[in-house]
Amino acid sequence: MCGIIGCSLHDNSKYNILSQLAKLEYRGYDSCGVTDLINNQFFTFKSTNRISDLKNKKTTLSNLSIAHTRWATHGNVSTKNAHPILSNNGNYSIVHNGIIENYDKLKEVYLSAFRFITETDTEVIVNLFEYFCKTNDEIDSLYILSKLLKGSYAFIILDKKSDNMYFMKNKSPLIIGKGQDIIIASDILAFDKNVSSYYRLNDFEYGYIKNNKVFLYHNNKQIKPSFISFIYSNYNNQLNGYNHYMEKEIYETKDLLKKQIDFKFDSDIINLINSSKRIILIASGTSYHAGLLGSYFFNHLSNIESSAYIACEFEYFDYYNSDDLFIVISQSGETADLIKIVNILKNHNHNILSITNSIINTISTLSSKNINIDAGIEIAVASTKTYTLSSFILYKLACIKNNLYDKRSVINCIAELDNIYNSTDIYKDLAKSIYKNKNLFFLGSGYDNLICKEASLKLKEISYIHSESMSCGELKHGSISLITKDFPVIYFISDNGYKNTLNSIEELKSRHAKVYIISTNNVEIESDIKVSSTNDLLSFIPFSIVLQFISYYTALLLNNDIDKPRNLAKSVTVL
Ligand code: M6R
């Protein structure tokens, strides 16, 4: 979702902030913009296209700039609604990530004399700032805003007259990187090699940057930020010969899994698992699907009662106990639905173990313990390697209690992935058979049904083909009415014991559905795709790669924007 960045250089050297903004591209956006402040004048450029287009339009360079990637919430995708947005008197220019829930009310109460150019909630913030600055200094005005604004936000305001760069945040991430220069951004990925330490702002902290110094406040009192040292690593964001990041990331999975084979959990985490009577997993989207596998693993391998919940639904369930262990899973660590729940759990002193793909993020900061899956940046919006990695970490956690981790079968299972990577023609063929369809079912029973959920989400996300995942036995209770001649149905089968699956295949074949079977080699059934798995519960490893390839090649045939599917954002930072 929206990414914001502000750069304040230590001298008058000029800088193209857009190279840093491009590092936030992966979050997903539909328009972008930048403002350079030069000799008390704003120079603003916007685009409803990619950052590369903005680069072509931008004709200035400055040592003070703010920039933005917008994922539209209030107001359509247009140059007008793209940030930065000016206040009425033209003194302040803002970039904002998040949603102001009470913007209408605030507009009505304070800003009736103001003229609005955009349809955004952001314009309300910058005009409120202008409004309060008429009778207060800027810091007091920010304090007033911290009490008035409801919702999630991180914003940066550039002041034309003073050259100050003001900032404030609640719920949405904002991090200050300091070195020779100062970069303030939604994500540390936007930092450059000059950043040697960082400070992650807490909610309702605000302040300003002036002459390369940071002034920080909370509740009207100045506070000292404690910067943590930072080692810049220029993540490999090149395609390295691959056509898409999604493709590259699917191929990276094997080595990343290998790296985790011997990973040892720290003793606190082992104690947490061993002493848990019940484990509740919470996440969104693909991470939720990893959570579903996790709960299956805990139930089957450790006899610890476990269930998984979708983050945005969790608050509607209240049957959990004070001694439950909560495992929250999030690739980005910034998913607003999950942050909301983590905050509630934290306020009730629950044990929270998070599984994230970095250590510097909101969710890992809020949790009691964190496991970093360390999969490297995932740029494609569709999660691939992080699904497999998070599921693998959950598998290892579930093996702890009864000491069931069988390293040999994991090594063998991972070694077999080469066969999958070398069989792309089979996935391409399957993709060719399905890409013209409007609807499709993924069917499986038990464990395989959990795999189907991810297969369905992945296909929808990037191919835009409607698909449903369903349990084989459940189909006959209603949805079978959709089955007509040649309706495509893809089965995942990892276990001979799934009688419902075998019955369902017969039922659908007799109705002339187009049945495709993906199974492990221990299942005695003729299949379109066979994968090796050394252990039934590890089938998610080969299956995940296969389901990702099927989606990938289907979307490729449809000529879709695979890495940046429509309407989607990598990091969903609004509720
Ligand atoms: O960063 P998170 O893992 O918390 O993100 C959760 C979902 O938004 C995410 O998994 C989403 O479903 C992906 N685009 C799936 O490919």
Side-chain angles (χ1 to χ4, degrees), residues 1 3 24 26-29 71 171-173 186-187 189 244-247 249-250 253 281-294 308-314 326-342 352 354-367 370-391 393-394 450-451 453-464 467 469 544-545 547-552 554-555 560-575:
M1 293 208 152
L24 300 180
Y26 80 99
R27 295 165 72 92
Y29 68 108
W71 189 85
K171 292 182 188 152
S172 301
S186 308
D187 194 318
L189 291 172
H244 297 92
Y245 286 103
M246 181 177 177
E247 184 189 24
E249 286 156 8
I250 297 173
T253 309
L281 299 106
I282 315 170
S284 306
T286 288
S287 292
Y288 165 66
H289 295 154
L292 284 172
L293 282 174
Y309 292 89
I310 296 175
C312 65
E313 286 288 305
F314 187 72
F326 291 88
I327 300 186
V328 297
I329 308 136
S330 175
Q331 186 283 129
S332 61
E334 299 296 351
T335 298
D337 289 339
L338 192 55
I339 292 174
K340 180 175 176 192
I341 300 305
V342 170
I352 307 165
S354 57
I355 299 179
T356 56
N357 190 24
S358 72
I359 45 164
I360 308 172
N361 60 67
T362 306
I363 287 172
S364 64
T365 313
L366 291 170
S367 354
N370 174 256
I371 298 171
N372 176 10
I373 64 168
D374 204 13
I377 182 174
E378 191 175 62
I379 294 182
V381 164
S383 291
T384 54
K385 58 179 179 175
T386 56
Y387 167 67
T388 320
L389 265 278
S390 307
S391 305
I393 293 293
L394 287 162
L450 309 181
I451 303 287
K453 290 186 191 300
E454 177 57 9
S456 173
L457 179 70
K458 205 81 336 176
L459 189 75
K460 278 186 278 204
E461 248 187 318
I462 58 166
S463 74
Y464 315 140
S467 76
S469 65
S544 62
I545 309 286
L547 72 86
Q548 291 159 5
F549 271 134
I550 293 172
S551 303
Y552 175 76
T554 307
N560 291 350
D561 190 349
I562 292 185
D563 288 331
K564 299 189 185 83
R566 72 178 175 220
N567 299 335
L568 290 178
K570 182 72 183 162
S571 189
V572 185
T573 52
V574 295
L575 290 174

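Counting starts at 1 for both ligands and their atoms, in listed order. The first residue of the sequence shown is numbered 1, and numbering continues consecutively from there.
Atom numbering of ligand 1 starts at 1 in the shown order; those under 4.0 Å from a heavy atom of Ser330 are 1 (O), 2 (P), 3 (O), 4 (O). The distance from ligand 1 to the heavy atoms of Ser287 drops below 4.0 Å at these ligand atoms: 2 (P), 3 (O), 10 (O). For ligand 1, the atoms lying closer than 4.0 Å to a non-hydrogen atom of Gln331 are 1 (O), 2 (P), 3 (O), 4 (O). Close approach of ligand 1 to Gly285 is summarised as follows: ligand atoms under 4.0 Å from at least one heavy atom of the residue are 10 (O), 12 (O). In summary, the atoms of ligand 1 found under 4.0 Å from a heavy atom of Ala382, numbered by their order in the structure, are 16 (O).
For the 3.5 Å distance criterion, the side chains of Ser367 and Ser354 qualify, holding a donor opposite an acceptor. When only modelled atom types and interatomic distance are considered, Glu378 and Thr386 share a side-chain donor-acceptor pair under 3.5 Å. Using modelled atom types, one finds no donor on one side chain facing an acceptor on the other under 3.5 Å when comparing Lys171 with Thr362. No side-chain donor from either of Asn361 and Glu334 sits under 3.5 Å from a side-chain acceptor of the other. Checked by atom type, the side-chain pair Thr388/Ser544 shows a donor-acceptor distance below 3.5 Å. At a cut-off of 3.5 Å, with distance as the only test, no side-chain donor of Ser364 or Asn372 sits close to an acceptor on the other residue.
When atom types are taken as modelled, the side chain of Trp71 and the backbone of Gly3 share no donor-acceptor pair closer than 3.5 angstrom. For the pair Ser467 (side chain) and Lys460 (backbone), a donor-acceptor distance under 3.5 Å is absent.
The protein heavy-atom contact nearest to atom 7 (C) of ligand 1 is Ser284 O, 3.7 Å. The protein atom (non-hydrogen) at minimum distance from atom 2 (P) of ligand 1 is Thr335 OG1, 3.3 Å. In terms of protein heavy-atom proximity, atom 14 (N) of ligand 1 is nearest to Glu461 OE2, 2.6 Å. Protein heavy atom at the shortest distance from atom 8 (O) of ligand 1 is Val572 CG2, 3.9 Å. Considering only non-hydrogen protein atoms, atom 11 (C) of ligand 1 sits nearest to Thr286 N, 4.1 Å.
Within the model, atoms OH of Tyr309 and CD1 of Ile341 stand 12.0 Å from one another, a figure rounded to the nearest 0.5 Å.
At least one N or O atom of Ser332, backbone or side chain, sits closer than 3.5 Å to an N or O atom of ligand 1. Where the criterion is an N or O separation shorter than 3.5 Å, residue side chain and backbone included, Val381 meets it with respect to ligand 1.
The shell of residues lying under 4.0 angstrom from ligand 1, judged by heavy atoms, includes Lys458.
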